[in-house]
Number of protein chains: 2
Amino acid sequence: MRIGEVAAKAGVSVRALRYYEQQELLHSTRNPGGQRQYPAGAVERVRLIQRLYSVGLPSRTIREVLPFADSGEVSPELLELLAAEHDGLDRQMTDLRDVRDRLHDCITEARGHHRTASPS
Amino acid sequence: MRIGEVAAKAGVSVRALRYYEQQELLHSTRNPGGQRQYPAGAVERVRLIQRLYSVGLPSRTIREVLPFADSGEVSPELLELLAAEHDGLDRQMTDLRDVRDRLHDCITEARGHHRTASPS
DNA sequence: CTAAAACCTGACGCCGACGTCAGGTGCAAG
DNA sequence: CTTGCACCTGACGTCGGCGTCAGGTTTTAG
């Protein structure tokens, strides 16, 4: 596959894929003309990268955790990193849930208001 | 309270507080000398703002949802906004949980490996 | 063979949440 | 009064994840 096709299938820009390569998140081989060649699995990998970005992880972290999505190989020090990141995500989730619930309360309360005042 | 004290108690920089004011997230009165004066509740408000930022919300959105944390006043169109934001957070949470679990699997699997090989 | 797509490598632009520096003012203490 | 710290207002710097333009090459369609 060439870069345009991967971009289209993964729903990202060509520029993004080149950027991922520069950040060493996504590797490619080159054909004789110098154009990038990707295996089929690249699309899935790009989707994973996108999800990791969407969670708020920076390139550096993604670069370090990506290998484990492929193989299960792991060293003790990277184990530490993973655990730390895991804890960070847990805290994020807690905060997020709080805020969401707070909004939910506001919403339901407001719905109650502009319906017919208090129900029970 | 003056700005330095609020900053210290909330654990943010003075610069951040001035920025919040510029973004209309945090209001202050001025004393005759032109210095900012904050009520005691400001510290809690700043903490809330920080949590909203940490969840990934931009200033614009925070500016719009903050009023509901104070009063319960709400208009139908803002209700829409809140619901949309709520859905967005839900999706974020789902993605986040997936990634976290994936990491968790890697971690536990790795722990099993470098202990004494396969258990069962 | 030729025109058009698709691709390539720089390199600069942008936006948001501040950091930071410059140059001036307010205020409490000795 | 003066020292000194906390405060003030600009205004420019930074970083990350790309968008985008410039100028050239490769591949594909007719």
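Each chain gets a letter, A, B and so on, in the order the sequences are listed, and its residues count up from 1.
- Note on Arg18(B): a base of the nucleic acid sits closer than 4.0 angstrom, heavy atoms only.
- Summarising the geometry, the separation between CG on Leu52(A) and C1' on dG17(D) is reported as 15 Å, rounded to the nearest angstrom.
- The CD-P distance, from Gln50(A) to dG17(D), rounds to 11 Å in whole Å.
- Within the 3.5 Å criterion, the main-chain N or O of Gln23(B) finds a donor-acceptor partner in the side chain of Arg63(B).
- What separates CD of Gln37(B) from P of dC7(D) is a distance of 10 Å, to the nearest Å.
- Within 4.0 Å of Arg60(A), counting heavy atoms only, lies no atom of the nucleic acid at all.
- Nearest heavy-atom pair across Glu21(A) and Tyr38(A) is OE1-OH, 3.7 Å.
- Distance from the side chain of Gln35(B) is smallest to dC8(D) among dC8(D), dT28(D), dG19(D).
- For DNA chain C, the outermost nucleotides in 5' to 3' order that have an atom under 4.0 Å from a heavy atom of chain A are dA6(C) to dA11(C).
- Checking the phosphate oxygens (OP1, OP2) of dC8(D), a side-chain nitrogen or oxygen of Arg36(B) falls inside 4.0 Å.
- With hydrogens and angles ignored, the 3.5 Å screen pairs no side-chain donor or acceptor of Arg51(A) with any backbone N or O of Val46(A).
- A heavy-atom distance below 4.5 Å is not found between the side chains of Tyr53(B) and Pro58(B).
- A donor and an acceptor atom, one from each side chain of Ser28(B) and Gln37(B), are nowhere located under 3.5 Å apart.
- Two residues, Gly34(A) and Arg15(A), neighbour DNA chain D, and the one matched to the more 5' nucleotide by heavy-atom proximity is Arg15(A).
- Mapping Pro32(A) and Tyr20(A) onto DNA chain D by nearest heavy atom places Tyr20(A) at the nucleotide closer to the 5' end.
- Gln35(B) and Arg2(B) get closest at one heavy-atom pair: OE1-NH1, 3.2 Å.
- Rounded to a whole Å, the CZ atom of Arg2(B) is 8 Å from the P atom of dC8(D).
- A straight line from OH of Tyr38(B) to P of dA6(D) spans 16 Å, rounded to a whole angstrom.
- Looking only at side-chain heavy atoms (C-beta outward), Arg30(A) and Arg36(A) come within less than 4.5 Å of each other.
- Between Tyr53(A) and the phosphate of dG16(D), there is no side-chain N or O to OP1/OP2 separation shorter than 4.0 Å.
- For the OP1/OP2 pair of dC18(D) and a distance below 4.0 Å, the side-chain nitrogens and oxygens of Tyr19(A) include no atom meeting the criterion.
- Mapping Leu17(B) and Glu21(A) onto DNA chain C by nearest heavy atom places Glu21(A) closer to the 5' end of the strand.
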